[in-house]
2 protein chains.
Amino acid sequence: MTTPIRVAIAGYGNLGRGAQAAITHSPDMQLVGVFSRRDPASVTLIDDSVPVYAIDDIEQYKDDIDVLILCGGSRSDLPEQGPALASLFNIVDSFDTHAKIPEYFEALDAPATKAGKVAMLSVGWDPGLFSINRLYGEAILPVGETYSFWGKGLSQGHSDAVRRVDGVKAGVQYTLPSESAIARVRSGEQPTLSTREKHVRECYVVLEDGADADTVRSAIVTMPDYFADYDTTVHFIDEQTLASEHNKMPHGGFVIRSGVSGIDNKQNEQNDQVLEFSLKLGSNPEFTASVLVAYARAAHKMNLAGETGAKTVFDVAPGLLSPKTPAQLRKELL
Amino acid sequence: MTTPIRVAIAGYGNLGRGAQAAITHSPDMQLVGVFSRRDPASVTLIDDSVPVYAIDDIEQYKDDIDVLILCGGSRSDLPEQGPALASLFNIVDSFDTHAKIPEYFEALDAPATKAGKVAMLSVGWDPGLFSINRLYGEAILPVGETYSFWGKGLSQGHSDAVRRVDGVKAGVQYTLPSESAIARVRSGEQPTLSTREKHVRECYVVLEDGADADTVRSAIVTMPDYFADYDTTVHFIDEQTLASEHNKMPHGGFVIRSGVSGIDNKQNEQNDQVLEFSLKLGSNPEFTASVLVAYARAAHKMNLAGETGAKTVFDVAPGLLSPKTPAQLRKELL
C-alpha cells in the first residue's frame with residue numbers, strides 16, 4: 001500500500017465524527033476533507049488537521065477523492081444526496097430504511113453505472129453485518145429458522161415517549177433482547193416468536209419535583225403501542241446519574257440461525273446446528289462508521305478492478321475489506 | 001433456477017455423507033454421483049438414489065459435473081487429489097492444515113487456471129467461517145485483539161491418549177472453551193491468553209474391571225503435553241452410557257474481536273466494541289459438509305462469470321452462496 005486511498009466524508013454528525021476517527025485508525029487511507037451543509041467555519045472536527053468544505057463545492061474535488069462516505073440520515077439526506085453524488089464519486093452509505101432498500105438501490109444504480117463508479121448502500125450492522133449473517137445462516141443450513149434480536153440499545157422514539165409522560169423530567173429507554181427468548185432459540189427448539197416476545201424494555205427516569213413514582217411507572221408500562229405489550233421495567237434515578245451513566249449510545253444484538261443437517265431415515269438422524277453472531281457496541285454511530293470505512297476500502301478496490309453500479313454488502317468478498325494482500329490474509333487469518 | 005447445478009462427491013466418509021445430505025436440502029442442485037476409491041458395489045449411501053463410481057473413472061464424467069466436492073482428508077488425500085482434479089473440474093475442498101494453506105493454494109492455482117476452472121480450498125468453519133469472522137473483526141476494528149476458542153468438541157488425538165492409559169477400557173475426550181477466559185474477553189479487557197489458558201479438557205472414561213479410579217484419574221490429569229497444563233476433569237461412566245451419550249461428533253467454538261472505536265483526546269474518549277461469532281454443532285462433519293455445499297454453488301457461479309484459479313472463502317462475496325437472486329436477497333435479507 002504505497003499510495004493511500006483518498007477518502008472524504010459528507011455530513012458531520014455522530015456518524016461523520018465516527019468515520020473520521022475510523023480513518024485515523026486506517027494507515028492505508030488519507031482523509032482529504034469533510035464536506036458539510038453548515039458554514040465550514042462553524043464545524044468543529046474531532047481532529048482539525050483536515051479541511052472542512054461546503055458541500056455545494058464538492059464537484060470541484062471530483063479528481064481528488066477516491067471514495068466518499070455519506071454520513072447523512074436515511075429519511076431525507078441520503079435519498080437526495082445519494083443519487084446526485086453517485087454520478088461523481090464512488091460512494092458508501094448506511095441507508096437503513098429496510099423496506100425502501102430495493103427502490104434506493106435502483107436510484108443509485110443508474111447514475112453510478114453511467115459514471116463508471118461504485119455506489120455501495122446500506123452498509124453498517126443492520127443492514128450490514130447482520131444481513132450477511134442472516135444470509136450465511138440460511139445458505140449453509142437451508143432447513144432452519146433465523147432470529148434477529150436487537151439491543152441492549154438506546155431507542156430514540158421510546159425515550160421520547162417516556163419524556164412525554166406527566167411527571168417525567170428526563171429519561172431514556174433501552175430495548176434489550178429477552179434472555180429467555182434467546183435461551184429458547186439457542187437450545188435448537190426453533191420457537192415462533194414475535195418481535196415483542198423477543199425484547200424487553202427498560203426505562204431510566206428522572207421525576208419532576210413532587211411527581212408520584214407509582215403513577216409515572218403505571219403511565220409508562222400501560223402506554224399502548226410503546227410499552228403495554230412488553231415486559232417493561234422503570235428505574236428512577238437522579239439527574240446526575242442520568243448525565244453520567246446514560247450519556248452513551250450503546251447498541252448491539254444477535255442473529256441466530258438454528259437449523260438441522262443430515263437426513264432422517266432408518267440409518268440416520270438429523271443433528272442440531274446453531275450459528276450465532278452478536279455485537280455489543282459501546283457506541284452505535286462509531287461502530288457503524290467503522291464498518292463504512294472498511295467498505296469504503298472495498299468500494300475503491302472494486303472500482304479499480306472495473307466494477308460499477310450499486311452494490312450491497314452481499315456483493316463484497318470479505319478479503320476486499322482488509323488492507324492486507326490476499327496472500328497475507330491466507331497466511332495470517334485463514 | 002431452471003437448470004440444477006450438477007454436483008458430484010469424491011470420497012465417501014463422514015464428510016461425504018454429510019455432503020450428500022446437504023445437497024438433498026438444496027433444490028437448486030442435483031447430485032450426479034459419488035466417486036470412491038473403494039469398489040463401488042461396496043459403498044452404501046445414506047440415500048441410494050444416485051450412482052457410485054470408481055474414482056479412477058472420473059475423467060469420463062468431465063462434461064457431466066459442474067462442481068466436484070472433495071471429501072478426502074487433508075493429510076494425504078487432498079494434496080494428491082486436489083491438483084489432479086483441479087485440472088478437470090471446478091472443485092471445493094476443506095483442506096484444514098492451516099500452516100500449509102499457502103503452499104496448497106499454489107498447488108491448485110496453476111492447474112485450475114490452466115484448465116479455466118475454479119479451485120476453492122479450505123472451506124468449512126475453521127478454516128472457513130471462523131477465518132471470515134477474524135477478517136471482518138480486524139478490518140472493521142483495526143485497534144483490538146481477536147480471540148478464537150474451540151469446543152465443545154471431541155478431540156481424536158486426546159481421546160486416543162486417554163485410551164492408552166492403564167486401566168482404561170474405553171473413553172473420549174472433549175475440549176471446551178474456558179468460561180472464565182471467555183468472560184474476560186467479552187468484558188473488553190483484551191487479556192493475553194495462551195491456547196491452554198483458553199481451554200479446559202473433559203474426559204469420559206470406562207474403567208477396566210478392577211482398575212482403580214483414582215490411579216487412572218491421576219495418570220490422565222498429570223500426562224505431560226496432553227493434560228498436565230490444562231484444567232482437566234475425568235468422569236467415570238459405564239459402557240452403555242459411553243455408547244448412548246458419547247457417540248456423536250459435536251464441535252464448535254467462538255471467534256471474538258474486542259476493539260475500540262473513536263479517538264481519545266480532550267473532547268473525546270474511545271468506546272469498547274465487541275463482535276462475537278459462535279457455532280454449536282451437533283455434527284462437525286455434517287456442518288463442514290453444509291458449508292462445502294454452499295461454497296460449491298459459489299464456485300460454479302464464479303466460474304460461469306469467468307473466474308478461474310484457486311480461491312478461498314475470502315474471495316467469495318456472500319451473495320454467491322445463496323440460491324436466491326441478488327434482488328431477492330436485498331429485499332428479504334438486507
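First the proteins, then the strands, lettered A, B, ... as listed; each starts at 1.
A:E286 and B:E269 make their closest contact through OE2-O, 4.3 Å (heavy atoms, listed as atom of the first residue, atom of the second, distance). Residues A:A294 and B:A139 come closest through the heavy atom pair CB-O, 3.8 Å.
Of the two parts of A:F130, neither the backbone nor the side chain holds a non-hydrogen atom closer than 4.5 Å to a non-hydrogen atom of chain B. In this structure, chain A has a heavy atom under 4.5 Å from the side chain of B:E138, while its backbone stays farther away. Contacts between A:S278 and chain B at a heavy-atom distance below 4.5 Å involve backbone atoms as well as side-chain atoms. For A:F277, the parts sitting under 4.5 Å from any heavy atom of chain B are the backbone and the side chain alike. Interface remark: B:I132 contributes side-chain atoms only to the contact with chain A (heavy atom separation under 4.5 Å). Within the 4.5 angstrom heavy-atom criterion, atoms from both the backbone and the side chain of A:H25 approach chain B. When heavy atoms are compared at a cutoff of 4.5 Å, A:D126 approaches chain B solely by way of its side chain, counted from C-beta outward.
A distance-only check finds a donor-acceptor pair linking the side chain of B:N265 to the backbone of A:I46 [under 3.5 Å].
B:F287 is listed as a side-chain neighbour of A:L141, based on a closest heavy-atom distance under 4.5 Å. At a threshold of 4.5 Å between non-hydrogen side-chain atoms, the residues B:I140 and A:L129 count as touching. Two residues are said to be in side-chain contact when any heavy atoms from C-beta on lie closer than 4.5 Å; A:S283 and B:Q273 meet this criterion.
By a heavy-atom distance cut of under 4.5 Å, B:S261, B:G262, B:I263 are the residues of residues 253-264 of chain B near chain A, going up by number. Residues of residues 311-319 of chain A having a heavy atom under 4.5 Å from any heavy atom of chain B, listed by number: A:T312, A:V313, A:F314, A:D315, A:V316, A:A317, A:P318, A:G319.
Your options are B:I101, B:V291, B:L279, B:L135, and the one with the most heavy-atom pairs under 4.5 Å with chain A is B:L135. Per-residue heavy-atom pair counts under 4.5 Å with chain B were compared for A:K248, A:Q20, A:R186, and the maximum is reached by A:K248. Between chain A and the residues B:A21, B:G128, B:S131, B:S26, the largest count of heavy-atom pairs under 4.5 Å involves B:S131.
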Pairs of donor and acceptor atoms involving the side chains of residues 327-334 of chain B, under 3.5 Å and at least two apart or interchain, shall be tabulated with distances.
residue: B:Q328; atom: OE1; partner: B:T325; partner atom: N; Å: 3.1
residue: B:E332; atom: OE1; partner: B:K324; partner atom: NZ; Å: 2.6

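By the ring pair (Phe, Tyr, Trp, His ring centres under 6.0 Å) test, B:Y136 pairs with no residue at all, sequence neighbours left out.
Around NZ of B:K100, the count of heavy atoms belonging to other residues, nucleotides or ligands within 6.0 Å does not exceed 12.
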